[in-house]
Amino acid sequence: MIELSLNEPAGVLVKTTCVDFPGRVAGSFFLKGCNLRCPYCYNTELVLGNKNEETSSLNTIQELFSHLEKRQGILSGLVISGGEPLLNPYTPLIIKKAKSLDYKIKLDTNGTLPNELEYFVQNPELCPDFIAMDLKTSPQKYATILCNPKSKFYNNEEYFFNNLKKSIQIISNFPQENREWRTVLVPNLVTKEDIQIMAKMLPSDAIWQFAQFQGGNCIDSSYNSLTPYTDAQLNELVDYAKTFISSSFLR
C-alpha cells in the first residue's frame, strides 16, 4: 500500500464558502488530477499537474485537516472537488477525517468514472452526503472536444454515453435534495441540441444548474477570447432546458 504524505502540495483550499454546498457553510478542497481536458477549464494547474510548475499556491492535506479541526462547529460541510476527486488517492483519507469531525461531505464529479463513484457510494465510510455532477455537453462532444487526445477513449462516444448514464443512475438514487447536475453554457460546446440530448439522460426530477461561461486562464487559450452567450441567449437556453427538466435554473 502506498503511504500518502500529508505535507505534499495536494490541492487548493477555500476556507469558507456559502454557495458551493446547498444549505451549509462549508470549506472546499480542490484536488489535483483529472481525466478530461475541457478546453474552457480554468483550473489549469490542478488538471495538468505539471511538476515543473510553481506549486507554492497549493495547500497540503495537513493544512486542510488543521483548518477542519479549527473550524469544527463553525463550518458544517466540506466540498471535495477538483480536478476529478474520484481519481485522487487522498479523497478517501479526506472523507474519513472530515466525517470523524462530523462534517457533511459534498462530492463534485465529472461523471465519467461510474465504477469509482459506485465504490464510494456503497462504502458507508466513504459515501458522500451530497453529489454534484458536471454534465458538460452531449457524449459525442465529450469524446472529441473534452477527452484527452492521448486517451484510448478518444472519439469513443459510446464509452462516454454509457459511463455518464451509469453515473446519473447512481446519483439518481440519492434524495432529490442531496443531488444536482451542473452545466456551464459554453458557446458552441452547449447548444439547444446538446441540451436536449443531456436532458434525455437525466431523471425528470433533476435539479439542473446552469452557469455563464467566463474566459480567463483557460487550458485552451483560444477560449479566453470566446464571446460568452448574451443574457437573452442564456435565458433562451435555460428556458429550453425547463421544457424537459422543470427544475432548471441559471446560477
Side-chain angles (χ1 to χ4, degrees), residues 20 30 33-48 81-87 108-114 131-168 171 180-203 206-245 247-251:
D20 292 326
F30 294 81
C34 190
N35 60 325
L36 296 180
R37 293 295 181 269
C38 303
Y40 63 91
C41 180
Y42 57 84
N43 287 329
T44 306
E45 183 179 8
L46 294 177
V47 170
L48 298 182
S81 192
E84 174 48 56
L86 291 177
L87 283 174
D108 293 347
T109 181
N110 64 32
T112 63
L113 302 167
I131 300 180
M133 175 179 156
D134 292 325
L135 187 56
K136 300 171 186 291
T137 184
S138 54
Q140 188 274 331
K141 291 181 179 178
Y142 272 83
T144 53
I145 299 175
L146 306 187
C147 185
N148 188 335
K150 297 179 181 180
S151 169
K152 63 181 179 180
F153 302 114
Y154 184 76
N155 214 25
N156 188 340
E157 180 179 353
E158 183 180 8
Y159 167 83
F160 284 100
F161 174 82
N162 289 339
N163 280 16
L164 293 169
K165 190 64 178 175
K166 185 175 179 181
S167 289
I168 289 169
I171 296 169
E180 67 184 17
W181 284 269
R182 310 179 303 192
T183 301
V184 178
L185 291 170
V186 183
N188 303 321
L189 186 65
V190 182
T191 64
K192 275 191 171 182
E193 181 182 3
D194 298 308
I195 285 176
Q196 181 179 16
I197 292 170
M198 288 187 284
K200 290 180 178 179
M201 300 174 71
L202 292 172
I207 294 173
W208 197 3
Q209 265 192 44
F210 291 88
Q212 170 69 291
F213 160 75
Q214 294 181 339
N217 198 37
C218 295
I219 286 179
D220 183 339
S221 60
S222 68
Y223 276 67
N224 290 329
S225 57
L226 185 65
T227 302
Y229 283 126
T230 65
D231 289 347
Q233 290 170 324
L234 288 173
N235 290 328
E236 182 180 357
L237 289 170
V238 175
D239 286 344
Y240 184 64
K242 286 181 180 179
T243 65
F244 302 99
I245 306 293
S247 295
S248 299
F249 63 95
L250 186 63
R251 181 174 175 178

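Just so it is clear, the structure is predicted and the values come from calculations on it, not from any experiment.
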Indicate every side-chain donor-acceptor pair of residues 131-144 with a distance under 3.5 Å to a residue at least two apart or in another chain.
unit_1	atom_1	unit_2	atom_2	d
D134	OD1	R182	NE	2.9
D134	OD1	R182	NH2	3.1
T137	OG1	L189	O	2.6
S138	OG	D194	OD1	2.7
K141	NZ	N188	O	2.7
K141	NZ	L189	O	3.4
K141	NZ	D194	OD2	2.7
Y142	OH	K136	N	2.8
T144	OG1	Q140	O	3.1

Item to complete: Please list all pairs passing the salt bridge (charged side-chain N to carboxylate O under 4.0 Å, His left out) test where one or both residues lie in residues 212-227, with sequence neighbours left out.
Response: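 Matches after skipping sequence neighbours: none remain.
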
Worksheet item: Where do L185 and F213 land on the side chain to side chain contact (heavy atoms under 4.5 Å, CB included) test, with the steps shown first?
Response: CA-CA 6 Å; L185 291 170; F213 160 75; 5.8 Å; no

Which pair of non-hydrogen atoms, one from [X] and one from [Y], has the smallest distance, and what is that distance?
X	Y	answer
C218	P39	CB-O, 3.4 Å
I245	A206	CG2-O, 3.2 Å
G83	C34	CA-CB, 4.0 Å
T44	N217	OG1-O, 3.0 Å
P114	G111	CD-O, 4.3 Å

First locate atom [atom1] of [X], then atom [atom2] of [Y], and finally report the distance between them rounded to the nearest 0.5 Å.
X	Y	atom1	atom2	value
S81	F30	OG	CZ	4.5 Å
L36	C41	CG	SG	9.5 Å
Y42	Q214	OH	CD	9.0 Å
I171	K166	CD1	NZ	12.5 Å
I197	K192	CD1	NZ	14.5 Å
T191	Q233	OG1	CD	12.0 Å

Worksheet item: side chain to side chain donor-acceptor pair (under 3.5 Å) with N35: which residues, sequence neighbours excluded?
Response: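 Partners of N35 by the side chain to side chain donor-acceptor pair (under 3.5 Å) criterion, ordered by chain and then number, come out as N110, T112.
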
Practice prompt. Mark yes when over 12 heavy atoms from residues, nucleotides or ligands other than Q212 sit less than 6.0 Å from its CD; otherwise mark no.
Written response: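 More than 12 within 6.0 Å, yes.
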
Item to complete: Decide if atom CZ of F153 counts as having more than 12 heavy atoms of other residues, nucleotides or ligands within a radius under 6.0 Å.
Response: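 Counting other residues, nucleotides and ligands, CZ of F153 exceeds 12 neighbours.
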
Is a donor on one side and an acceptor on the other found under 3.5 Å between the side chain of [X] and the backbone of [Y]?
X	Y	value
N163	L113	no
S167	L164	no
N224	G215	no
Q196	E193	no
N43	L46	no
K165	M201	yes

Discussion item. Checking W208 against S247: is there a side-chain donor and acceptor pair closer than 3.5 Å?
Written reply: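 Per modelled atom types, S247 and W208 side chains form no pair under 3.5 Å.
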
Heavy-atom distance under 4.5 Å between the side chains of [X] and [Y], does that happen here?
X	Y	result
C38	L146	yes
L237	I195	yes
E84	D108	no
F210	F249	no
V186	Y229	no
I207	W181	no

Practice prompt. Could you give me the CA-CA distance, side-chain angles and deciding distance for T183 and Q209, then say whether side-chain hydrogen bond (donor to acceptor under 3.5 Å, both in side chains) is met?
Written response: CA-CA 6 Å; T183 301; Q209 265 192 44; over 6 Å; no

